[in-house]
Amino acid sequence: MDDLIKKLIEVDRAARKSVENAAQARVAAVRELDEKKQMLKEKNNREFLRQSEEMKKAALSEFEETEKVISEKEKAVVERLSAVFEENCDRWVNEAVENIING
């Protein structure tokens with residue numbers, strides 16, 4: 001009977017040790033998963049920042065190019081209007097004066 005009780009105590013100790021080992025393994029696995037999750041989150045954040053910087057540079061470059069094209073078109077329009085004004089200024093002034101005088 002004493003041998004049976006000793007065997008039961010040994011089995012109980014072994015079972016408790018197995019349960020304790022399993023609990024420690026679970027804690028370690030959860031900790032490892034949390035670390036991996038944090039690493040992936042940081043990696044994703046770095047990648048997102050890198051991509052957003054690239055998109056920002058591309059958008060800025062596109063904006064600058066568009067601004068340059070608009071500026072060149074605006075300059076050409078101003079030059080044409082100035083040329084038309086220079087060409088017709090005297091005639092317009094004369095017509096305006098004549099219209100005022102002749103009513």
Side-chain angles (χ1 to χ4, degrees):
M1 184 75 145
D2 285 339
D3 286 344
L4 183 60
I5 292 173
K6 286 180 184 179
K7 284 244 186 215
L8 286 173
I9 290 173
E10 282 181 37
V11 169
D12 182 58
R13 284 184 185 152
R16 286 176 191 253
K17 187 67 174 173
S18 291
V19 168
E20 185 180 319
N21 288 342
Q24 288 175 352
R26 181 185 177 281
V27 168
V30 168
R31 185 180 307 120
E32 184 179 345
L33 285 174
D34 285 343
E35 289 172 1
K36 285 182 179 180
K37 179 181 172 183
Q38 186 63 30
M39 287 173 38
L40 285 173
K41 187 183 280 187
E42 290 172 4
K43 180 182 175 185
N44 286 341
N45 286 343
R46 285 192 303 272
E47 181 64 19
F48 174 77
L49 288 174
R50 185 189 65 76
Q51 287 178 352
S52 64
E53 272 300 314
E54 287 179 9
M55 290 172 60
K56 178 182 172 183
K57 287 178 184 177
L60 186 58
S61 176
E62 184 179 339
F63 171 77
E64 288 171 349
E65 185 62 32
T66 302
E67 184 180 40
K68 182 180 175 184
V69 168
I70 290 172
S71 179
E72 289 171 358
K73 287 180 180 180
E74 183 180 80
K75 185 178 176 182
V77 168
V78 168
E79 288 174 359
R80 282 196 310 258
L81 287 174
S82 292
V84 169
F85 176 78
E86 290 296 323
E87 183 180 320
N88 296 309
C89 178
D90 291 337
R91 183 173 55 92
W92 291 339
V93 168
N94 289 337
E95 287 176 3
V97 169
E98 199 171 305
N99 284 336
I100 290 171
I101 294 173
N102 293 333

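Everything numeric in this text was worked out from a predicted model, so none of it was measured. Counting from 1, the numbers follow the sequence of the chain as shown.
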(message) Rounded to the nearest 0.5 Å, what separates atom CZ in Phe63 from atom CD1 in Ile70?
(response) 8.0 Å
(request) Would you give the length of the straight line joining atom CD of Glu42 to atom CG of Leu40, rounded to the nearest 0.5 angstrom? (result) 9.5 Å
(request) Calculate, to the nearest 0.5 Å, the distance between atoms CD and CD belonging to Glu86 and Glu79 respectively. (result) 12.5 Å
(message) Test salt bridge (Lys or Arg N to Asp or Glu O under 4.0 Å) on Asp3 and Lys7; report intermediate values, then the result.
(response) CA-CA 6 Å; Asp3 286 344; Lys7 284 244 186 215; over 6 Å; no
(request) Please step through salt bridge (Lys or Arg N to Asp or Glu O under 4.0 Å) for the pair Glu95 and Arg91, ending with a clear verdict. (result) CA-CA 6 Å; Glu95 287 176 3; Arg91 183 173 55 92; 3.2 Å; yes
(request) Establish whether Phe85 and Val77 are linked, either directly or via other cluster members, by ILVMFWY side-chain heavy-atom contacts under 4.5 Å. (result) no
(request) With sequence neighbours excluded, give me every side-chain hydrogen bond (donor to acceptor under 3.5 Å, both in side chains) pair touching residues 43-62. (result) Glu47-Arg50, Glu47-Gln51, Arg50-Glu54
(message) Is it true that, when you exclude Glu98 itself, more than 12 heavy atoms of the residues, nucleotides or ligands shown sit nearer than 6.0 Å to its CD?
(response) no
(request) Determine yes or no for a side-chain-to-main-chain donor-acceptor pair under 3.5 angstrom, with Asn94 supplying the side chain and Asp90 the backbone. (result) yes
(message) If the condition is salt bridge (charged side-chain N to carboxylate O under 4.0 Å, His left out), which residues does Glu32 pass it with, not counting sequence neighbours?
(response) Lys36
(request) Enter the distance from Met39:CE to Lys41:NZ here, rounded to the nearest 0.5 Å. (result) 14.0 Å
